[in-house]
*Asks:* 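I am attaching a structure below and will ask some questions about it afterwards.
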Number of protein chains: 2
Amino acid sequence: MMKNLLSNIKISVPEKIFLKDPESSDLGKRIIEHSILLIDEIGFDNFTFKKLGAKIGSNESSIYRYFESKHKLLLYLTSWYWAWIEYQLVFSTSNIPNPEKRLLKAIEVVTQTIKEDFDFSHVNEVKLNQIIINEYSKSYLTKEVDSENKEGYFVVYKRLIARLRDMILNVNSEYKYASSISSTIVEGALHQHFLKDHFKSITDCNETVTPTQFFQELTINAIKS
Amino acid sequence: MMKNLLSNIKISVPEKIFLKDPESSDLGKRIIEHSILLIDEIGFDNFTFKKLGAKIGSNESSIYRYFESKHKLLLYLTSWYWAWIEYQLVFSTSNIPNPEKRLLKAIEVVTQTIKEDFDFSHVNEVKLNQIIINEYSKSYLTKEVDSENKEGYFVVYKRLIARLRDMILNVNSEYKYASSISSTIVEGALHQHFLKDHFKSITDCNETVTPTQFFQELTINAIKS
DNA sequence: CAAATATGATAGTAATACTATTAAATTAGC
DNA sequence: GCTAATTTAATAGTATTACTATCATATTTG
């Protein structure tokens, strides 16, 4: 099943994001593992390498050998997450020949909450998903977006949106807003998840109604009209 | 016209956000005016009260008498912005009897870029709109959201979303996701504006295609199916 | 004109986000 | 198994941030 299969592939993150590949050492893996736990616990704004060092019984300066800043670490975690989602997207849609069913499956993959810890080595996917919901915007809402974008720090995310767009165009190649609806689905789903946890009055999503249902219906109605 | 009319009303912001009403003094107005210019220029992350003090020839400690933190100042600016948009929403839709036309107008108001400086006293609306696009998420993506929400710091935004939702229900009272689509339109429009400026490849919006068109079509198709 | 209030100037604090240096531990090649 | 290379740890230091506190000086108000 998925769980075992995923344990054997390596998620790849743009190399420029890190100084030294955290997958290449024990300390690196502990940095990833515990940064996810700590950011989820105290939030990215309150997160520091010093606190992380204390948690893993290591030194602040050692962490700086892997990532030049906490911002770069966030870029690493988010790239990892989107690459993981991309893998699931490709894998779970590859055997669906019907374009519309494939698209619905794709929307499900990009909009669902992660409830099960896939136990993908040292990464807690449930908590990483929470981090994406709460912190992802902060990775690109900076004055440095354009230069970082040129460096390729957002390729994984953009590639995921492009894959979803292509599946939309496969259902209706005439639809004029395939890119916009694709980016709206991915970003919008994160937002709806946030709203159901903090601003319940402005969302219809709750324990029974999911962002997946909302975006599936929305997309089908949009592209089939 | 709008420009003159707006100059005579006062936009009201939840009182708990500030320590002292910036509208009540000359220094207060200069804080608002120049914080907008400075945040737009260097970004919220690099913005400090010390830098603002230097810009307005005033003292850091004086600014702290108005806002207890730069986060509170951001909450003030965003609440002001949404209250201003809400005013425009109510005003520009009040004389449209047809529910669908009214909704389309409403979507236009909440999704358009502000191109003209309305010269609303000391507030530069064009730059404030850019700040909302680039920084709004940071105002609620914090560990303190729930307590700040209880304090009423986000009422204006939620009220705006609720107004839009009601206009949607007025077109089709059976539509199941009125709140979710309403919040998706407002948040999604900001996101599309951001994408067209920084990640062009994952949006269809550009100089000729607007987020307004995209969301108008999307909404009509969603609720009329 | 006195009292109240607002603003300015200065100083200080704990924390942040790093950099630099040196020492100790670990690993790799032979 | 030893040496060299690499990795990690420890310590110190810097500039900046996000404030608080105090006191002096303007400015406004009754």
Side-chain angles (χ1 to χ4, degrees), chain A residues 15-35 38-39 41-77 122 135 138-139 141-144 147-148, chain B residues 15-35 38-39 41-77 122 135 138-139 141-144 147-148:
Chain A
E15 297 218 341
K16 283 190 172 177
I17 290 179
F18 48 77
L19 296 170
K20 182 181 172 175
D21 188 354
E23 288 295 324
S24 71
S25 74
D26 182 66
L27 177 61
K29 286 173 197 155
R30 268 159 55 227
I31 288 171
I32 299 308
E33 179 178 0
H34 291 273
S35 65
L38 190 54
I39 293 173
E41 186 187 337
I42 64 176
F44 184 69
D45 298 340
N46 300 119
F47 171 86
T48 69
F49 281 178
K50 196 170 190 175
K51 288 174 187 170
L52 177 60
K55 279 259 174 181
I56 62 179
S58 178
N59 201 275
E60 197 188 356
S61 60
S62 302
I63 302 167
Y64 274 105
R65 294 237 171 60
Y66 287 84
F67 296 100
E68 66 187 54
S69 64
K70 72 173 189 169
H71 176 244
K72 286 287 179 74
L73 172 59
L74 181 61
L75 288 173
Y76 181 92
L77 296 177
H122 45 286
E135 324 284 0
K138 297 172 190 169
S139 75
L141 294 178
T142 68
K143 277 281 161 182
E144 298 79 35
S147 62
E148 294 191 344
Chain B
E15 298 218 340
K16 283 191 173 176
I17 291 179
F18 49 77
L19 296 169
K20 182 181 171 176
D21 188 355
E23 288 295 322
S24 71
S25 73
D26 181 65
L27 177 63
K29 285 172 198 156
R30 270 160 52 227
I31 289 172
I32 299 308
E33 179 179 359
H34 291 273
S35 65
L38 190 54
I39 293 172
E41 187 188 334
I42 65 176
F44 184 70
D45 298 339
N46 301 119
F47 170 86
T48 69
F49 281 178
K50 196 169 192 177
K51 288 174 186 169
L52 177 60
K55 279 259 174 183
I56 62 179
S58 178
N59 201 275
E60 198 188 355
S61 60
S62 302
I63 302 167
Y64 275 105
R65 293 228 176 67
Y66 288 84
F67 296 100
E68 67 188 54
S69 64
K70 71 172 190 168
H71 176 244
K72 286 286 179 74
L73 171 58
L74 181 61
L75 289 173
Y76 181 91
L77 296 178
H122 45 285
E135 323 284 0
K138 297 173 190 169
S139 75
L141 294 179
T142 68
K143 277 280 161 183
E144 298 79 35
S147 62
E148 294 192 343

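Protein chains get the first letters and strands the later ones, always in sequence-line order, with residue 1 at the start of each.
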*Asks:* Taking atom P of dA21(D) as reference, at what distance in whole Å does atom CD of E60(B) sit?
*Replies:*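 These atoms are roughly 14 Å apart.
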
*Asks:* Report the residues that fulfil side chain to side chain donor-acceptor pair (under 3.5 Å) with S58(A), sequence neighbours left out, ordered by chain and then residue number.
*Replies:* none

*Asks:* Which is true for S62(A) with a 4.0 Å heavy-atom rule: it touches a base, it touches only sugar-phosphate, or it touches nothing?
*Replies:* base

*Asks:* Please report, rounded to the nearest Å, how far the P atom of dT20(D) is from the NZ atom of K50(B).
*Replies:*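 Rounded to whole Å, this separation is 16 Å.
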
*Asks:* Only counting residues at least two apart or in another chain, list the ones meeting ring-ring contact (aromatic ring centres under 6.0 Å, His included) with Y64(A).
*Replies:*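 Y64(A) satisfies ring-ring contact (aromatic ring centres under 6.0 Å, His included) with F49(A) once adjacent residues are dropped.
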
*Asks:* Show me the pairs that pass salt bridge (Lys or Arg N to Asp or Glu O under 4.0 Å) and involve residues 63-74 of chain A, at least two apart or across chains.
*Replies:* E68(A)-K72(A)

*Asks:* Generate the contact string for nucleotides 24-30 of chain D. Rules: B means base contact, S means sugar-phosphate contact only, - means no protein heavy atom under 4.0 Å.
*Replies:* -------

*Asks:* At their closest point, which heavy atom of S35(A) faces which heavy atom of I32(A), and how far apart are they?
*Replies:* OG-O, 3.0 Å

*Asks:* Could you identify which residues of residues 15-23 of chain B place a heavy atom less than 4.0 Å from some atom of DNA chain D, listed by residue number, or say none?
*Replies:* none

*Asks:* With a 4.0 angstrom cut-off to heavy atoms of chain B, pull out the first and last contacting nucleotide of DNA chain C, in 5'-to-3' order.
*Replies:* dA6(C) to dT10(C)

*Asks:* Could I get the full list of ring-ring contact (aromatic ring centres under 6.0 Å, His included) partners for F44(A), not counting sequence neighbours?
*Replies:* none

*Asks:* How far apart are the closest heavy atoms of I42(A) and N46(A), and which atoms are they?
*Replies:*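 Minimum heavy-atom separation between I42(A) and N46(A): O-OD1, 3.0 Å.
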
*Asks:* Output the rounded distance in Å from CD1 (I63(B)) to P (dT20(D)).
*Replies:*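 Whole-Å distance recorded here is 14 Å.
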
*Asks:* May I have all residue pairs that pass salt bridge (Lys or Arg N to Asp or Glu O under 4.0 Å) and include part of residues 48-60 of chain A, sequence neighbours excluded?
*Replies:*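 Applying salt bridge (Lys or Arg N to Asp or Glu O under 4.0 Å) to every pair that reaches into residues 48-60 of chain A, excluding sequence neighbours, yields E41(A)-K55(A).
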
*Asks:* Which residues in residues 68-75 of chain A have at least one heavy atom lying under 4.0 Å from any atom of DNA chain C?
*Replies:*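 Output list: E68(A), S69(A), K70(A).
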
*Asks:* Starting from C1' on dC19(D), measure out to CZ on F47(B) and report it in whole angstrom.
*Replies:* 14 Å

*Asks:* Atom CG of N46(B) and atom P of dA15(D): how far apart are they, to the nearest Å?
*Replies:* 19 Å

*Asks:* Going by modelled atom types, is there a donor-acceptor pair between the base of dA9(D) and the side chain of S58(A) at under 3.5 Å?
*Replies:* no

*Asks:* So, for G53(B) and I63(B), which heavy atoms are closest and what is the spacing to 0.1 Å?
*Replies:* N-CD1, 3.6 Å

*Asks:* According to the salt bridge (Lys or Arg N to Asp or Glu O under 4.0 Å) rule, which pairs have a member within residues 21-31 of chain B, sequence neighbours left out?
*Replies:*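 Of all non-adjacent pairs touching residues 21-31 of chain B, those that pass salt bridge (Lys or Arg N to Asp or Glu O under 4.0 Å) are K10(B)-D21(B), D26(B)-R30(B).
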
*Asks:* What is the distance from CD1 of I56(A) to P of dA10(D), rounded to the nearest Å?
*Replies:*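 It works out to 12 Å between those atoms.
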
*Asks:* Check the surroundings of atom NZ in K143(B): do more than 12 heavy atoms from other residues, nucleotides or ligands lie under 6.0 Å from it?
*Replies:* yes

*Asks:* Distance check needed: dA18(D) P versus D45(A) CG, whole Å only.
*Replies:*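 That distance rounds to 11 Å.
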
*Asks:* Describe the nucleic acid contact of S61(A) in one word from base, sugar-phosphate, nothing, applying a heavy-atom distance below 4.0 Å.
*Replies:*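 Here S61(A) touches the bases of the nucleic acid.
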
*Asks:* Salt bridge (charged side-chain N to carboxylate O under 4.0 Å, His left out) between K138(A) and D45(A): does it pass, once the steps are laid out?
*Replies:* CA-CA 10 Å; K138(A) 297 172 190 169; D45(A) 298 340; 3.4 Å; yes

*Asks:* What I'd like to find out is whether the side chain of E144(A) reaches to under 4.5 Å of the side chain of H71(A), using heavy atoms alone.
*Replies:*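 No, every pair of side-chain atoms sits at 4.5 Å or beyond.
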
*Asks:* Look at all strands and tell whether Y66(A) reaches a base, only sugar-phosphate, or nothing, counting heavy atoms closer than 4.0 Å.
*Replies:*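 Sugar-phosphate, no base atom in range.
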
*Asks:* Checking E33(B) now: which residues fulfil side chain to side chain contact (heavy atoms under 4.5 Å, CB included) with it, not counting sequence neighbours?
*Replies:*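 H122(B).
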
*Asks:* Over all strands shown, is F49(B) touching base, sugar-phosphate only, or nothing at heavy-atom distances under 4.0 angstrom?
*Replies:* nothing

*Asks:* Tell me every residue that passes side chain to side chain donor-acceptor pair (under 3.5 Å) with S25(B), counting only those two or more places apart in sequence or in another chain.
*Replies:*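 Side chain to side chain donor-acceptor pair (under 3.5 Å) check on S25(B) returns Y66(B).
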
*Asks:* Please state how far atom CG in N59(A) lies from atom P in dT8(D), giving the value in whole angstrom units.
*Replies:* 12 Å

